[in-house]
Trainee: 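Dumping the structure here so I can ask a few things about it.
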Amino acid sequence: MTDLSSLTSWHADWKGLRVAVLGLSVTGFSVADTLSELGAEVLVVTERADAEYGRLLPVLGVRLHEGPLDAVPAELSAFAPEVVIASPGFPPHHPLIRWTQEQGIALWGDVELAWRVRDKVVRADGRPADWVLITGTNGKTTTTRLTAEMLVTAGLRAAPVGNIGTPVLDAVRDPGGFDALVVELSSHQLWYLNLQAGPDALSPHAAVCLNLADDHLEWHGGADAYRDAKAGVYARTRVACVYNKADLATRGMVEDAEVVEGARAIGFDLGVPGPSDLGVVDGILVDRAFLEERATSALELTTVTDLAARGLAAPHMVANILAASALARSLGVTPAHIFDTLERFRLDPHRIQVVGAHAGVTWVDDSKATNPHAAASSLAAYPGAVWVVGGLLKGVDLSDLVRARGASVRAVIVIGTERGDIVAAFARHAPAVPLFEVDHAETEDVMAQVVELAAGVARDGDTVLLAPAAASFDQFASYSDRGDRFADAVRAWIAGQDDGASRPTD
């Protein structure tokens, strides 16, 4: 039996360790590939294997079991793993996760493995890369990209990894090495990380939970469990615990966190900052945390006017920028480097992206607003919009969002297969708002009907806002597919209007 407490380095003896890897997505493959390189004995267990991954596993010397996972496969129990490493899609109540814990087998996620082998490539000073952790219900990807780009602008070798798309293990094994890894973590990944403890558990340089609102409740089993998973981002932080002063939940997380002695709490919000905070003064984003004279002075980072010129001045975007700036400043990035980064930064597609304008109406794709908190931020940025909402609700009730924001929209267009609860929420809380349902079963028809309905109610000066507050998988392949189809329908409709305007009449 291998002593797992000794496996805290790439250079430890991993040979012969029996590891079962659950799932064969990009994350699962990165785990199997890494363990194969380390010399472990690996069995991958998955319902379905991507053809390319399935072809590569035998080349790596990795065994593969494909089939239903509603019960523990005989091959898995016979393998008698010493460690199970699960892809983040496996919830705590999954039969294989329950079996692992009941058997007393060590249960890790891919991030745990990456932390243990982070010293494969070290910096000139002999230390592995610093880790910066980012989570939150909304804004994770934008803040991760921003932070990484600020570090790169300052001359550091840095990479955005984790839930953003690139597995952390791929960066750890990059032969070029990094000064810092900016790790986006989902609540699922954090649940697995929170199972770990002890002196060798993950200890980040800095961490942030941007905000907290109900999401993924079915996966976690309730709001308290979801909150507890997110709070784990601050555990053992060494330098800076960055939190949202406007979100009391994140403040409470920092207050309750077990951190390394000397770690500072750094707040951010859109108000005037106190010492040790970042905020906004007379339209200027400032830092009062990372300077000696913070009791009496502040450092200018950029202005709201400059951000507005690049489409970055929505309130939730300003908050993300302040959070990223705090993380970057904790690693020595100067205000000038932050300003330069923001001069060229552009949002990801499907994040408050203008996809068309015609006859005074602006069409905005925020398909990435997949929960109520994100949609509320979009509606705050575009008050009075024609709101396109709906999809797969993931067990989340939209009543509070409709109560808070519904009455202020010009009209609402409800899409998705779970429309009933949204329609009922408007009937209760905003009955005067014109409401339209799109009941097309065919994905190809949905957005054309949305655009036709929206064009019929929007007026000069209005915005039509796709901010679904729901996942996309009921009718679309992904949130990006949903946004692309919306944008295509908008452009087709505008082209039709322009063609019609240019045709001679009889």
Trainee: So, does N194 use its side chain to make a donor-acceptor pair with the main chain of A229 at under 3.5 Å?
Mentor: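 Indeed, once roles are kept as given, a pair shorter than 3.5 Å links the two residues.
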
Trainee: Taking only residues two or more places apart in sequence or in another chain, which ones pass side-chain hydrogen bond (donor to acceptor under 3.5 Å, both in side chains) with D488?
Mentor: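 With neighbours one apart ignored, the set is empty.
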
Trainee: Would you mind listing every side chain to side chain donor-acceptor pair (under 3.5 Å) that reaches into residues 412-428, with sequence neighbours excluded?
Mentor: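 Non-adjacent pairs meeting side chain to side chain donor-acceptor pair (under 3.5 Å): S399-R428, T417-D474, R419-E437.
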
Trainee: Please confirm whether R329 makes a cation-pi placement over F290, using NZ or CZ under 6.0 Å from the six-membered ring centre and within 45° of the ring normal.
Mentor: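 No, R329 does not lie over the aromatic ring of F290.
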
Trainee: How would you list, by chain and number, every residue that makes a ring-ring contact (aromatic ring centres under 6.0 Å, His included) with F90, sequence neighbours excluded?
Mentor: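 Per chain and number, F90 pairs via ring-ring contact (aromatic ring centres under 6.0 Å, His included) with H94.
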
Trainee: Not counting sequence neighbours, which residues clear salt bridge (charged side-chain N to carboxylate O under 4.0 Å, His left out) with D179? List them please.
Mentor: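 Result, salt bridge (charged side-chain N to carboxylate O under 4.0 Å, His left out) vs D179: none returned.
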
Trainee: What residue pairs, at least two apart or across chains, pass side chain to side chain donor-acceptor pair (under 3.5 Å) with a residue in residues 449-468?
Mentor: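 Residue pairs passing side chain to side chain donor-acceptor pair (under 3.5 Å), neighbours aside: R410-D462.
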
Trainee: Pairs in or reaching into residues 353-378: which pass ring pair (Phe, Tyr, Trp, His ring centres under 6.0 Å), with residues at least two apart or in two chains?
Mentor: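 Checked against ring pair (Phe, Tyr, Trp, His ring centres under 6.0 Å) - neighbours excluded - the pairs reaching residues 353-378 are H358-W493, W363-W493.
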
Trainee: Considering residues at least two apart in sequence or located in another chain, which fulfil the side-chain hydrogen bond (donor to acceptor under 3.5 Å, both in side chains) criterion with D247?
Mentor: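 With neighbours one apart ignored, the set is empty.
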
Trainee: Can you measure from CD1 (I85) to CG (L22) and round to the nearest 0.5 angstrom?
Mentor: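 So the gap between those two atoms works out to 9.5 Å.
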
Trainee: According to side-chain hydrogen bond (donor to acceptor under 3.5 Å, both in side chains), who are the partners of T153, at least two apart in sequence or on a separate chain?
Mentor: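 If we apply the side-chain hydrogen bond (donor to acceptor under 3.5 Å, both in side chains) test to T153, skipping adjacent residues, the hits are T341, R344.
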
Trainee: Quick test of your reading of the model: are R227 and D224 salt-bridged, counting only N-O distances below 4.0 Å?
Mentor: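 Judged by the 4.0 Å cut-off on N to carboxylate O distance, R227 and D224 do not form a salt bridge.
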
Trainee: Can you check whether A213's main-chain N or O pairs, donor with acceptor, with T137's side chain at less than 3.5 Å?
Mentor: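 Side chain of T137 to backbone of A213, a donor-acceptor pair under 3.5 Å: yes, one is there.
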
Trainee: Give a yes or no answer on whether the side chain of S186 reaches the backbone of Q189 with a donor-acceptor pair at less than 3.5 Å.
Mentor: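 Yes; judged by distance alone, with no hydrogens or angles, the pair exists.
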
Trainee: Looking at residues at least two apart in the chain, or sitting in another chain, which of them share a side-chain hydrogen bond (donor to acceptor under 3.5 Å, both in side chains) with D269?
Mentor: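 For D269 there are no side-chain hydrogen bond (donor to acceptor under 3.5 Å, both in side chains) partners, ignoring immediate neighbours.
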
Trainee: Under the 3.5 angstrom rule, does the side chain of T142 hit a backbone N or O of M317 as a donor-acceptor pair?
Mentor: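 No; zero donor-acceptor contacts below 3.5 Å.
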
Trainee: Keeping the roles fixed (side chain from T237, backbone from Y234), state whether a donor-acceptor pair exists under 3.5 Å.
Mentor: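 Answer holds: yes.
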
Trainee: Give a yes or no answer on whether the side chain of T135 reaches the backbone of C209 with a donor-acceptor pair at less than 3.5 Å.
Mentor: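 Side chain of T135 to backbone of C209: no pair is present.
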
Trainee: Would you mind listing every side chain to side chain donor-acceptor pair (under 3.5 Å) that reaches into residues 309-328, with sequence neighbours excluded?
Mentor: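 Side chain to side chain donor-acceptor pair (under 3.5 Å) check on residues 309-328 returns R310-E343.
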
Trainee: Residues in ring-ring contact (aromatic ring centres under 6.0 Å, His included) with Y53, at least two apart?
Mentor: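 With neighbours one apart ignored, the set is F29.
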
Trainee: Would you call R55 and D50 a salt bridge, using N to O less than 4.0 angstrom?
Mentor: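 No.
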
Trainee: Listed by chain and number, what are the salt bridge (charged side-chain N to carboxylate O under 4.0 Å, His left out) partners of D33, not counting sequence neighbours?
Mentor: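 Checked D33 against salt bridge (charged side-chain N to carboxylate O under 4.0 Å, His left out); matches are R173.
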
Trainee: Within the side chain of K230, is there an N or O that forms a donor-acceptor pair under 3.5 Å with the backbone of G136?
Mentor: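 Judged by distance alone, yes, a pair lies under 3.5 Å.
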
Trainee: Which one of K245, R288, R251 satisfies the salt bridge (charged side-chain N to carboxylate O under 4.0 Å, His left out) criterion with D277?
Mentor: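 Of K245, R288, R251, salt bridge (charged side-chain N to carboxylate O under 4.0 Å, His left out) with D277 is met by K245 alone.
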
